[in-house]
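Step one of this worksheet: look at the structure below.
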Amino acid sequence: MWGLLPLYWALLEPAGATEVLAHRMVWSLPTALVILAALRRWAWVRPLLRDPRRLGLIVLAAGLISVNWGLFIWAVGTGKVIEASLGYFINPLISIAFGVLLLRERLRPAQWVAVGIGALAVGVMTVAYGRLPWLSLVLAVTFALYGLIKKGVRLDGVASFGAETAVQFLPAAAFLVFLGSRGEATFASEGVGHTLLLSLAGLATALPLIFFGGAAVRLPLSTIGLLQYLAPASMFLLGLLAFDEEMPPERWAGFLLVWAALCLLTWDALRTARRSRARLRAAAAAAAASARASRTGDGKAGDSGPGETGEPGRRTDRPAVAGTPSDAAKG
């Protein structure tokens, strides 16, 4: 659904990007309220209102995602869907870079190579476009920062969506009133179909988020990571096939580098996940063996004394050495 959103925003012409963005914000709040009421999920509201730090993070997150949404809608209206898709392709690389720079995380060698390939791809795309691909970079950076901030907010998807849209609602509604006062709003002037499509912008925003939240608790993280490449891949294909955007050879070269970096990241993530699972299984097996040996030793102790077999001084009930959870988690 995220990958098909360019088709939806294209249907909203002749509304400009700022009007579409404002409607997306305004109609997202009632959508969020209906969902929260249906789920009866209000317990997060009071603790959030009593925590100024988290409230500040919510405001910052709402501002970042507003910039991201607005730029993406503008990209669809100006024939830059492929360039926008590049931003979401390089977003994982930007997130890794933030992990190193801001969270002092340590990268595996394959991750360093992937980030290097991504940086080379940006250089190639700069030559291809004749300028820095600022649209792609701003989309990637704002979304990566948005994800980073949400880690500190500690709200689930639906609650976070409700809080952010509550912050966005008043400025967006004021902007729509301003547009209407100048006679520049298209909400009521382009027919019932146009009005309906603008009104459903909140649902188009909320549904993919809800489905993503549902999938995140049911699927392995590695699977979620792979599936998230579907959205920019769909955007790329739409830009190429539906919006007839140009792709000269030098742009293909840049995209191929980005895809190579993502393939390397995916391979490294899957390999690391397999090793972690293998270590956890080995630790569990060792713990089970230790428990069996301990039970066997207790039985022998009842026959010949604690820790003894007929030979004085020799113990035969030593448990097998089991890996600790922290050792298993290091991979």
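Within the structure, salt bridge (charged side-chain N to carboxylate O under 4.0 Å, His left out) contacts touching residues 185-201 (residues at least two apart or in different chains) do not occur. Pairs engaging residues 178-209 under the ring-ring contact (aromatic ring centres under 6.0 Å, His included) rule: H23-F187 [sequence neighbours left out]. For residues 252-271, the side-chain hydrogen bond (donor to acceptor under 3.5 Å, both in side chains) pairs, not counting sequence neighbours, are R108-D268, D268-R271. The salt bridge (charged side-chain N to carboxylate O under 4.0 Å, His left out) pairs that include a residue from residues 160-183 are K150-E164, R182-E184, where partners are two or more places apart or lie in different chains.
By the 4.5 Å heavy-atom criterion applied to side chains, T165 and F169 are not counted as neighbours. Considering only heavy atoms from C-beta on, L55 stays 4.5 Å or farther from V59 through its side chain. M235 has its side chain out of reach of L4: every pair of non-hydrogen atoms, C-beta onward, lies at least 4.5 Å apart. Residues L265 and I96 are in side-chain contact: their nearest non-hydrogen atoms beyond the backbone lie under 4.5 Å apart. Within the 4.5 Å cutoff, the side chain of W2 has no heavy atoms near those of the S234 side chain. Between V45 and L48, the closest side-chain pair of non-hydrogen atoms is not below 4.5 Å. Between S85 and F255 there is a side-chain heavy-atom pair separated by less than 4.5 Å. For the pair T186 and E19, the minimum side-chain heavy-atom distance is below 4.5 Å.
Atom OG in S28 sits 4.5 Å away from atom CH2 in W69 (nearest 0.5 Å). Taken to the nearest 0.5 Å, the CD1 atom of I94 stands 10.0 Å off from the CG atom of L101. The CZ atom of R24 sits 5.0 Å away from the CD1 atom of I73 when rounded to the nearest 0.5 Å. With values rounded to the nearest 0.5 angstrom, K80 atom NZ is found 7.5 Å from L135 atom CG. R275 contributes atom CZ, which lies 12.5 Å from atom CG of L270 (distance to the nearest 0.5 angstrom). Here the CG atom belonging to L207 is positioned 4.5 Å from the CE atom belonging to M1, to the nearest 0.5 angstrom.
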query = Please walk me through it: do Y8 and L197 pass side chain to side chain contact (heavy atoms under 4.5 Å, CB included)?
reply = CA-CA 8 Å; Y8 188 86; L197 284 172; 3.9 Å; yes

ask   = Can you list the steps and then say if L29 with Q168 is a side chain to side chain contact (heavy atoms under 4.5 Å, CB included)?
value = CA-CA 8 Å; L29 181 59; Q168 294 169 330; over 6 Å; no

task = Please report the C-alpha distance between S136 and M125 in whole Å, then the side-chain angles of each, then the deciding distance to 0.1 Å, and finally whether the side chain to side chain contact (heavy atoms under 4.5 Å, CB included) criterion is met.
result = CA-CA 10 Å; S136 305; M125 296 303 286; over 6 Å; no

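Put simply, L86 and L264 are part of two different groups of oily side chains (I, L, V, M, F, W, Y) that touch within less than 4.5 Å, one to the next. Hydrophobic clustering (ILVMFWY, side-chain heavy atoms < 4.5 Å, transitive): V100 and L120 are in distinct clusters. Linking ILVMFWY side-chain heavy atoms closer than 4.5 Å, directly or via other members, places Y229 and L241 in a single hydrophobic cluster. Note on V124 and Y88: separate hydrophobic clusters, where clusters join Ile, Leu, Val, Met, Phe, Trp and Tyr whose side-chain heavy atoms are under 4.5 Å apart, directly or indirectly. The hydrophobic cluster containing L200 does not contain V34, counting ILVMFWY residues as joined when their side-chain heavy atoms lie under 4.5 angstrom apart, directly or transitively.
Under a cut-off of 6.0 angstrom, the local environment of CH2 in W112 is sparse, with at most 12 non-hydrogen atoms contributed by other residues, nucleotides or ligands.
Here A206 pairs with T31, I35, F161, I210 under the side-chain contact (heavy atoms from CB on, under 4.5 Å) rule; sequence neighbours left out. Take E13 and apply the side-chain contact (heavy atoms from CB on, under 4.5 Å) test, not counting sequence neighbours, and it matches no residue.
Looking at S276, its side chain does come within 3.5 Å of a backbone N or O of T272 through a donor-acceptor pair. Between the side chain of E250 and the main chain of V127, no donor-acceptor pair closer than 3.5 Å is present. Although no hydrogens or angles enter the test, the distance criterion places a donor-acceptor pair under 3.5 Å between the side chain of R154 and the main chain of G152. Between the side chain of Y129 and the backbone N or O of R251 there is no donor-acceptor pair closer than 3.5 Å. Using a distance-only test at 3.5 Å, with no hydrogens or angles considered, a donor-acceptor pair links the side chain of R54 to the main chain of V153.
Here the closest non-hydrogen pair linking V26 and A172 is CG2-CB, 3.6 Å. Closest approach of A163 to L155, counting heavy atoms only: CB-CD1, 4.5 Å. Here the shortest heavy-atom pairing between A61 and Y146 reads O-CD1, 3.4 Å. Between A114 and A261, the shortest heavy-atom contact is O-CB, 3.5 Å. Of all non-hydrogen atoms in L262 and P92, the two that sit nearest each other are CD2-CG, 4.1 Å. For the pair L198 and W27, the tightest heavy-atom approach, listed with the atom from each and the gap, is O-CD1, 3.3 Å.
Exactly one of I82, V76, L7 qualifies for a side chain to side chain contact (heavy atoms under 4.5 Å, CB included) with L238. That residue is L7. The residue from L137, L71, V67, N91 that alone fulfils the side chain to side chain contact (heavy atoms under 4.5 Å, CB included) condition with T142 is V67.
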